[in-house]
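Worksheet for the structure shown next.
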Amino acid sequence: MAYDEELADRIRDLLGPALPEVVEKKMFGGLAFLLGGNMAVAASGKGGLMVRVDPDEADALLEADTVARMVMGGREMRNWLRISAEAVGDDDVLHEWITRGLAYARTLPAKRAR
């Protein structure tokens, strides 16, 4: 399944021109939005949104029915969450997740360009 292009457009709109340092990259069947080379959020190829969050906050965020821990290669990713498409149908909710993903990406050291 290809990523949701409408969701990707909504992410771009919510990022706005204020974040020129955000780079888009096709990854994992989706479209990722990276800050300093670190993925913050992605329009998932499996639907919905992938968000990278602070590991100390991840368990509390899982309490919502629309949030699940991301699984890659059969392995649960501690601070990667999958947010259902229904949950991010509202721009205010989507904006909150984007903001959370960007905030965590800002705490990580920038990766060197290859």
Side-chain angles (χ1 to χ4, degrees):
M1 173 179 176
Y3 66 88
D4 181 341
E5 291 186 30
E6 182 180 328
L7 177 58
D9 287 341
R10 290 177 53 226
I11 294 169
R12 281 186 204 99
D13 289 345
L14 290 169
L15 286 171
L19 291 173
E21 69 270 25
V22 174
V23 173
E24 294 180 25
K25 184 175 182 181
K26 290 184 180 181
M27 300 174 72
F28 312 117
L31 184 65
F33 295 83
L34 296 91
L35 183 65
N38 295 293
M39 187 188 306
V41 299
S44 173
K46 295 182 179 179
L49 186 73
M50 293 186 330
V51 182
R52 189 173 187 186
V53 299
D54 184 326
D56 294 333
E57 298 175 3
D59 289 340
L61 294 168
L62 286 167
E63 292 178 9
D65 292 339
T66 56
V67 179
R69 199 169 309 274
M70 201 170 96
V71 177
M72 290 185 79
R75 198 176 101 206
E76 283 192 352
M77 308 301 287
R78 179 161 161 31
N79 63 319
W80 289 87
L81 303 178
R82 181 175 300 285
I83 317 305
S84 73
E86 296 79 24
V88 293
D90 177 89
D91 279 350
D92 290 336
V93 173
L94 177 59
H95 187 262
E96 288 176 26
W97 284 111
I98 292 169
T99 300
R100 186 179 300 279
L102 289 171
Y104 183 65
R106 282 189 179 97
T107 69
L108 302 171
K111 294 181 180 179
R112 290 193 332 225
R114 293 180 188 191

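Owing to the predicted nature of the structure, the values given are computational and were not obtained by experimental measurement. Just so you know, these numbers use all the heavy atoms, side chains as well, and skip hydrogens, waters and symmetry mates.
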Could you tell me the separation between the [atom1] atom of [X] and the [atom2] atom of [Y], rounded to the nearest 0.5 Å?
X: Ile83; Y: Leu7; atom1: CD1; atom2: CG; result: 11.0 Å
X: Phe28; Y: Met72; atom1: CZ; atom2: CE; result: 4.0 Å
X: Phe33; Y: Ile11; atom1: CZ; atom2: CD1; result: 4.5 Å
X: Leu49; Y: Tyr3; atom1: CG; atom2: OH; result: 14.0 Å
X: Lys111; Y: Leu34; atom1: NZ; atom2: CG; result: 7.5 Å
X: Tyr104; Y: Asn38; atom1: OH; atom2: CG; result: 8.5 Å

Can you name the nearest heavy-atom pair linking Arg78 to Pro55, along with the distance?
NH1-O, 2.9 Å
Heavy-atom nearest pair, Ala32 first then Ala42, reads CA-CB, 3.7 Å
Is there a chain of hydrophobic side chains (I, L, V, M, F, W, Y, each step under 4.5 Å between heavy atoms) that links [X] to [Y]?
X: Met39; Y: Val41; answer: no
X: Val23; Y: Leu31; answer: no
X: Ile98; Y: Val67; answer: yes
X: Leu15; Y: Trp97; answer: yes
X: Val22; Y: Leu94; answer: yes

pair [X]-[Y]: side-chain heavy atoms closer than 4.5 Å:
X: Leu14; Y: Thr99; result: no
X: Arg100; Y: Leu61; result: yes
X: Met77; Y: Arg52; result: no

Tell me whether [X] contacts the main-chain N or O of [Y] through its side chain, where contact means a donor paired with an acceptor under 3.5 Å.
X: Asp4; Y: Gly47; result: no
X: Arg10; Y: Val88; result: yes
X: Arg82; Y: Met70; result: no

Can you confirm whether Asp90 is buried at CG, in the sense that more than 12 heavy atoms of other residues, nucleotides or ligands lie under 6.0 Å from that atom?
yes
Ion pair Arg69/Asp59, N-O distance below 4.0 Å:
yes
Might you work through the side-chain contact (heavy atoms from CB on, under 4.5 Å) test for Leu81 and Met50, ending with a clear yes or no?
CA-CA 6 Å; Leu81 303 178; Met50 293 186 330; over 6 Å; no
Apply the test side-chain contact (heavy atoms from CB on, under 4.5 Å) to residues Arg106 and Leu102: give CA-CA distance (whole Å), side-chain angles for both, the deciding distance (0.1 Å), then the verdict.
CA-CA 6 Å; Arg106 282 189 179 97; Leu102 289 171; 3.6 Å; yes
